[in-house]
Every structure is written in C-alpha cells, then in structure tokens.
**Student:** 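One structure, pasted below without further comment.
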Amino acid sequence: MKKEELIEIVNNEFPEFKVKEKKEEKHELPELPNAEHGVVMRMAPSPSGPLHIGHSRMAILNDEYVKRYGGDLILRIEDTNPGNIDIDAYDMIPEDLEWLGVNVTKTVIQTSRMDLYYKEAKKLIELGYMYIAEIDQKKFHELKLKSIALPDRSMDPEIHLERFDKMLNGEYREGEAVAVVKTDLNHPNPSVRDWIALRISYKRHPLTGDKYCVYPMMNFSVAIDDHYLGLTHVIRGMDHLVNTEKQRYIFNYNGWRVPYYYHYGIIKIPGSVLKTSIIKNGIKSGKYTGWDDIRLGTIRALKKRGYRPETFRRYWISSGMRETGATFSWEIFDSINRQIIDKEAMRFFFVNKPVLLDLHNDIIIESHARYHPDMDLGYRKYKIIENSKIYLNEDDLNSINVGDEFRLKDLCVVKRTENGIRYVDENSEKKLKIIHWCPENSFDFTVEKPDGSNDSGKLEPLALDYNGISQFERYGYVNIINGKGYFLHR
RNA sequence: GCUCCCGUGGUGUAGUCCGGCCAAGCAUUAGGGACUCUCAAUCCCCCGACUCGGGUUCAAAUCCCGACGGGAGCACCA
C-alpha cells in the first residue's frame, strides 16, 4: 500500500487521527499599514564608499515593498558631512543598487537641498523651537548631562536669527556656534536633550566645494527630507531607534504627519570586512586590490565571487524585519546561491596541489566527462595516449595504498603502483573510490579565496577560455573571470 | 554607568499583537540512507528549541512581574 492511500484511509475512516498536511512554507514580508494605495520609501546611504552586504538589506526590504504596493523608492544620498565623502561613491552606489535589481525611481542628493534645510531652520528659530548656542562642544555636553539650560536657550528668536545669519555668512569659526533643537532637558537619554541640528564646517566638500559652511546634522536633514519627499514608511536598522525619537520633534513642531517606522535588528556579519575606513586604508596601502577585493564584504566583491542578486533578495526576505539581533548566516546564503547557480555551472576538473604521475596504459583511453550532470551540454573529451602522464591531487593520492584500485572519474579504472598508476579496465562492477584528474596538457590555474589564501593547480584544457561560474568537481564553485578564479562556495 | 530594544534548536526564521487548532512549522547545518562515475545536485530519514523563576488562567512560547543573557545608543558621524 502506498503512503498516500494509507493517509486517505486514515483521514476518511478515522478522522480523529487525521494526518496533518505539510504546510507550504512561504516567506513573505508582513503587510504594511495604509499601503494599499502605494507607498513612498527610501534608502539613505552616505557616500563614503560602495554598498556592502549590510546595506543590501535596507535596499532590498524597501524595494520589495515598493514593488508590492507601487509608489516611489527614493535613493537619498546623505552627504552632509564633508569630511567623510568619497566622490566615487556617488556613482558606485547607484551601480550597486542596479546590480541588486533595486528599482530606484528618484534620486536625491542632500547637498543640493541646503537652502531647504536653512529655510526650515529659520522657521523653527522663529517659532522658538530652535536656538543658536554659542558654546563649545565639551561644555555643551556637560550641561546636557546635568540637564542645565544655557542662557541662550531662552533668548529672543530675533537674536538667534541674527546668529544663524552669522553662521551662514562665515562669521563664526568651526565649533563656536551650533543650531540646537529644543527638546526636553530632562529626557532620560542625554543625547535626545536639545540635540544639535546644524553645525559649522569649513572643510572642502567634494561636491559643493566651499559653497556652504553650515551643514545639517543627519537627524535634522532626515526629518526635513522625509517630510518633503512624502515618505509614508521608513524601514531601517535598530541603530536608528534613538534617531527616530529625535526626528519626531521636528515632525511635531511642524505639525507634520509622521511616517510609519520599522526597525529591523542589527545583524552581525561574521568574517567580512565592511568598514569603509578600513577598506579605504587597505586599498591605499596596497593590502586590498580595490573595492571588489574578494576578501571584502562589498556588493562588488560578492558579485565578483559569483553571488547572484536573487540570492541577496531571497535571503533578506526570509530574514524579515525581526527586531532581534542576529548573525548573518553564510551557510544559508551560500545554500540559496548554490540552488540558483548549480543548474548553470559548467563542470570542470581542477587539480589542486597537483602531482604528475606516470600512467601505464597499453591502449588509448578516451574520457567522456559531461559539462553538466543534468543539463544536456555535451562532453569534455580527452584522448589519453599510451603511457602518458596525468595529474592527481596530492591528498587524493595519499589516500590510496599501493595495489588499490580506484576510478579516474569519467575515464577508467586504475591501480596504484610503486611508481605511478596502471590502467586496469574501462569499467568495473566494484564500488570504487572516484577521483578526478587532469590531463598532462592542463594549464596552471589559481583560485583566490575569500580568506586571502590561494589554491594553485592544474585546470583541464577545455576550461581555457571559459568565463563565468563553474563547478570544479569535488572542489567547489568558482567564478572564472578572464583566466582568474575566484572561490564562491562549496 | 545611564537609556532603549530584544531573548524559539548549532544557524536563520514562523508562531507572540487578539492565550487554547503549538506534545512548536519551515529552511540551513551536522549525522544516516537512496541515487549518481563529483565530497555537487536531487530524494528520504534523523538529532535538535520556546533563557530562568514567580504570577494570572480551566489553559501561557503567547499576558504580568522579576532575574539573567544579548544588542544598540549615550558625537558639532550617518
């Protein structure tokens, strides 16, 4: 009796023991409130470098929702800190997003909106919600810790408007004055107390040069932009939780409708170099070859190794928006990617740590290894003439005792001898160990690995001009780009 | 130290809002097996979790309190 029949009988005749059906697993993001008529969402990276795997989460989560509900996905480049900008990032970020399949409908650069920030600041000053503090950083911080208001706080808005103009006109030095949002000096979190909205910087901005000397702080420009760009829903990391609280003050003072906020948990990405400053220094010093060095966790490095955009998408959708901190799982990420690329990965023999062995064969043998085990892509054929030589992996060879028979994959059965291997037969009924090999005319090939090490060995001749993801049998998946190999995963 | 957030197997998650259908689902990994001339893929099996302690209740992963654990923030960075 078949299993299905059994289940049917049980279900019909003994309903109290009804066999549960397997639930179909669907990994979908939860619905968003008030989204039926479209959403406006954004991602807001700072242009300090290209995107890395961590950024891909916010990009894809936002993109998914905009694709589901329709609406706008805004890329807002937050370049209001002139000291931390890489001019190339203005181009690299959109490139990375495009590769990820993220559909940006509108791009906004914050330094092109400075007049708006100034105007909004003046408005808040007039309304008495913002003031210009003539105080240095250290003192201001100390007062806030003690919840003490400085005298400036209660001065007339007129004075602050004048001071603000002085700031804009460059009449202060850096650090002599800051524009501050009045909040609650008794707020339990000192950083929320009267937070700084705009500050002076005379650093040369890579994009705007010395046109401006007053730059908004992130919390100020974000609140202004989120409103004027019409954001309906904001999805970002838990590290922004306190920022959201700060930004609400701006919304409340202006009577603006507040977007829905979601904060997903911080994710630890093990074994990846992500920090822009470290990468930048590494590139400068020659430690890394560039932003796409495969030891890095940048999108372009992962692309170079052969990860697919779809892998990022599936992974982040399945991670959802949980507020729990978590560890990025390379195991699962690799597994998703393997599912995608296995179907199209050409198979080749790569012998790492090669040993050139004498092959004693009296007849010509021909190999017929498939390019793909399931797809009909044809065969890699090699003719092995009498008494030639062949490459085997050192560890494979050491695992075989003299006198033992084993199978050269897709070639023949051989026996290990004192000084090499000897042809035994074309085939065998016995269950033998299967080992891959490379013909003598194979070429040198090196696989770069993400841990910084290299594997060098011999790659079979038919792989010579191949470009793309391939599976080196019994070794792993490797992306070949112009004769160079980059290790993807097992 | 202070403030906030979070605690489901090794890992990632579903379920928690609105307590019962959860003796907890799925995926991944490890282990076992089938198939295969790859240690891949595919298929099957199996191990494995509600942090702890109180409370509320007929009933708690789900609500309340406490402890413990983890994370983030405490910048004139974003």
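Reminder, nothing fancy here: chain letters follow the sequence lines and each chain counts from 1.
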**Student:** At less than 4.0 Å, is any side-chain N or O atom of A:T80 found next to OP1 or OP2 of B:A78? Yes or no.
**Tutor:** yes
**Student:** Can you check the distance between B:G9 and B:G15, where both ends of the measurement are the P atom (answer in whole Å)?
**Tutor:** 16 Å
**Student:** B:U3 P sits how many Å from A:H263 NE2, rounded?
**Tutor:**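 So the NE2-P distance, A:H263 to B:U3, works out to 20 Å.
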**Student:** Please work out if A:Y477 contacts a base, only the sugar-phosphate, or nothing of the nucleic acid, heavy-atom cut-off 4.0 Å.
**Tutor:** sugar-phosphate
**Student:** Is the ring centre of A:F333 less than 6.0 Å from the ring centre of A:Y307?
**Tutor:**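 Under 6.0 Å, so yes.
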**Student:** Could you check A:E323 against A:P188 and say which one's nearest nucleotide on RNA chain B is further toward the 5' end?
**Tutor:**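 Nearer the 5' end of the strand: A:P188.
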**Student:** Categorize A:D374 for me: base, sugar-phosphate, or nothing, with a 4.0 angstrom heavy-atom threshold over every strand shown.
**Tutor:** nothing
**Student:** Do A:S442 side-chain atoms and A:K458 backbone N/O form a donor-acceptor pair below 3.5 Å?
**Tutor:** no
**Student:** Is it true that a side-chain atom of A:H263 and a backbone atom of A:E323 form a donor plus acceptor pair closer than 3.5 Å?
**Tutor:** no
**Student:** One thing to verify: whether A:K144 and A:D194 come together as a salt bridge, which I'm taking to mean a side-chain N less than 4.0 angstrom from a carboxylate O.
**Tutor:** no
**Student:** May I ask you to evaluate whether A:R407 reaches the phosphate of B:C37, defined as a side-chain N or O under 4.0 Å from OP1 or OP2?
**Tutor:** no
**Student:** For the pair made of CG in A:L150 and P in B:C76, what is the distance, rounded to whole Å?
**Tutor:**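 Rounded to the whole Å, the gap is 13 Å.
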**Student:** Strictly distance-based, threshold 3.5 Å: is any side-chain N or O of A:R163 a donor or acceptor partner for the main-chain N or O of A:I132?
**Tutor:** yes
**Student:** Can you tell me if A:R322 touches the phosphate of B:C6, counting only side-chain N or O atoms and a distance under 4.0 Å to OP1 or OP2?
**Tutor:**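 For B:C6, OP1/OP2 do not have a side-chain N/O of A:R322 under 4.0 Å.
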**Student:** Could you check, using the six-membered ring where one of them is a Trp, whether A:Y315 and A:F328 have ring centers closer than 6.0 angstrom?
**Tutor:**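 Yes; A:F328 has its ring centre under 6.0 Å from that of A:Y315.
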**Student:** How would you label the contact of A:D334 with the nucleic acid (heavy atoms, under 4.0 Å): base, sugar-phosphate, or nothing?
**Tutor:** nothing
**Student:** Round to the nearest Å and state the distance from A:K430 atom NZ to B:C37 atom P.
**Tutor:**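 So the two atoms are 17 Å apart, to the nearest Å.
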**Student:** Nearest to the side chain of A:T324, which nucleotide is it out of B:C39, B:U13, B:G7?
**Tutor:** B:G7
**Student:** Return the pairing partner of B:U51 with a 3.5 Å limit on both distances, Watson-Crick or G-U wobble; otherwise return none.
**Tutor:** B:A67
**Student:** Return the polar atom pairs (N/O with N/O) between nucleotides 63-74 of chain B and the protein under 3.5 Å, or none.
**Tutor:**
none

**Student:** Checking base pairs now: Watson-Crick or wobble, both atom distances under 3.5 Å. What partners B:A27?
**Tutor:** B:U11
**Student:** With P as the reference atom in both, quote the distance from B:C64 to B:U57 in angstrom, rounded to an integer.
**Tutor:** 16 Å
**Student:** Under 4.0 angstrom, heavy atoms only, what part of the nucleic acid is A:R347 near: base, sugar-phosphate, or nothing?
**Tutor:**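 Since a base atom lies under 4.0 Å of A:R347, the category is base.
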**Student:** What interatomic distance, in whole Å, is found between P of B:G69 and the corresponding atom of B:G48?
**Tutor:** 28 Å
**Student:** Measuring only the P atom in each nucleotide, how far is B:G7 from B:C50? A whole number of Å is fine.
**Tutor:**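 Straight-line distance between the two P atoms is 15 Å.
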**Student:** Hey, would you say the A:F220 and A:Y215 ring centroids sit under 6.0 Å apart?
**Tutor:** no
**Student:** Report the nucleotide, chosen from B:U13, B:A78, B:C37, that has the shortest atom-to-atom distance to any side-chain atom of A:A326.
**Tutor:** B:U13
**Student:** Can you measure A:Y315 atom OH to B:U11 atom P for me and round it to whole angstrom units?
**Tutor:**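 Roughly 12 Å, once rounded to whole Å.
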**Student:** Taking any strand in view, what nucleotide pairs with B:C18 in a Watson-Crick or G-U wobble way, both distances under 3.5 Å?
**Tutor:** none
**Student:** Checking all strands, does A:L241 fall into the base, sugar-phosphate, or nothing category for heavy-atom contacts under 4.0 angstrom?
**Tutor:**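 Sugar-phosphate, backbone atoms only, no base.
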**Student:** Quick one: which of B:U28, B:A78, B:U29 gets closest to the side chain of A:R338?
**Tutor:**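 Nearest nucleotide to the side chain: B:U29.
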**Student:** Could you check which nucleotide pairs with B:C43 in any of the strands shown, counting Watson-Crick or G-U wobble with both distances under 3.5 Å?
**Tutor:** B:G33
**Student:** Using a 4.0 Å heavy-atom cut-off, does A:I341 contact any base of the nucleic acid, only the sugar-phosphate backbone, or nothing at all?
**Tutor:** nothing
**Student:** Counting only N and O atoms by type, is there a donor-acceptor contact under 3.5 Å from the side chain of A:D79 to the main-chain atoms of A:T111?
**Tutor:**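 Yes: the side chain of A:D79 pairs with the backbone of A:T111.
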**Student:** Considering only heavy atoms and no angle criterion, is a donor-acceptor pair shorter than 3.5 Å present between the side chain of A:E331 and the base of B:G10?
**Tutor:**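 Answer is yes: a donor-acceptor pair is held.
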**Student:** Determine the interatomic distance between P on B:U11 and the same-named atom on B:G70; round to the nearest Å.
**Tutor:**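 Roughly 14 Å separates the two P atoms.
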**Student:** In this structure, how many angstroms lie between the P atom of B:U29 and the CH2 atom of A:W330, rounded?
**Tutor:**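 Roughly 16 Å, once rounded to whole Å.
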**Student:** Between B:U28 and B:C22, how many Å separate the two C1' atoms, rounded to a whole number?
**Tutor:**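 The same atom, C1', in both gives a distance of 22 Å.
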**Student:** NA contact type, A:E78, heavy-atom cut-off 4.0 Å: base, sugar-phosphate, or nothing?
**Tutor:** sugar-phosphate
**Student:** It should be established whether A:R199 places a side-chain nitrogen or oxygen under 4.0 Å from OP1 or OP2 of nucleotide B:A78.
**Tutor:**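 Yes, because at least one side-chain N or O of A:R199 sits under 4.0 Å from OP1 or OP2 of B:A78.
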**Student:** Below 4.0 angstrom, N of the basic side chain to O of the carboxylate: do A:R76 and A:E78 qualify?
**Tutor:** yes
**Student:** Answer with base, sugar-phosphate or nothing: what part of the nucleic acid does A:D79 contact at a heavy-atom distance below 4.0 Å?
**Tutor:**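 The residue A:D79 makes no contact with any strand.
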**Student:** Any salt bridge between A:R407 and A:E426, counting N to O under 4.0 Å?
**Tutor:** no
**Student:** With both distances under 3.5 angstrom, what nucleotide forms a Watson-Crick or G-U wobble pair with B:A72?
**Tutor:**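 B:U3 - that is the nucleotide pairing with B:A72, both distances being under 3.5 Å.
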**Student:** Need one value for A:G175: base, sugar-phosphate or nothing, where a base atom within 4.0 Å counts as base even if backbone is also close, heavy atoms only.
**Tutor:** base
**Student:** CZ of A:F350 versus P of B:C39: gap in Å, rounded?
**Tutor:** 19 Å
**Student:** Name the pairing partner of B:C77, where a pair is Watson-Crick or G-U wobble with both distances under 3.5 Å, or state none.
**Tutor:** none
**Student:** What integer distance in Å separates A:I269:CD1 from B:G12:P?
**Tutor:** 13 Å
**Student:** For B:G66 versus B:C6, give the span between their P atoms, rounded off to a whole number of Å.
**Tutor:**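 Those two atoms are separated by 15 Å.
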**Student:** When you measure from the side chain of A:I332, which nucleotide among B:C76, B:G12, B:U38 comes out closest?
**Tutor:**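 Ranking B:C76, B:G12, B:U38 by closest atom to the A:I332 side chain puts B:G12 first.
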**Student:** Taking atom C1' in both B:A23 and B:A30, what distance in whole Å separates the two?
**Tutor:**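 One C1' to the other, the span is 25 Å.
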**Student:** Want to settle it: does A:N219 or A:D342 sit nearer the 5' end of RNA chain B, counting the closest nucleotide to each?
**Tutor:** A:D342
**Student:** When the aromatic ring centroids of A:F472 and A:F349 are compared, is their separation below 6.0 Å?
**Tutor:** no
**Student:** What is the distance, to the nearest angstrom, from the CD1 atom on A:I336 to the C1' atom on B:A41?
**Tutor:** 16 Å
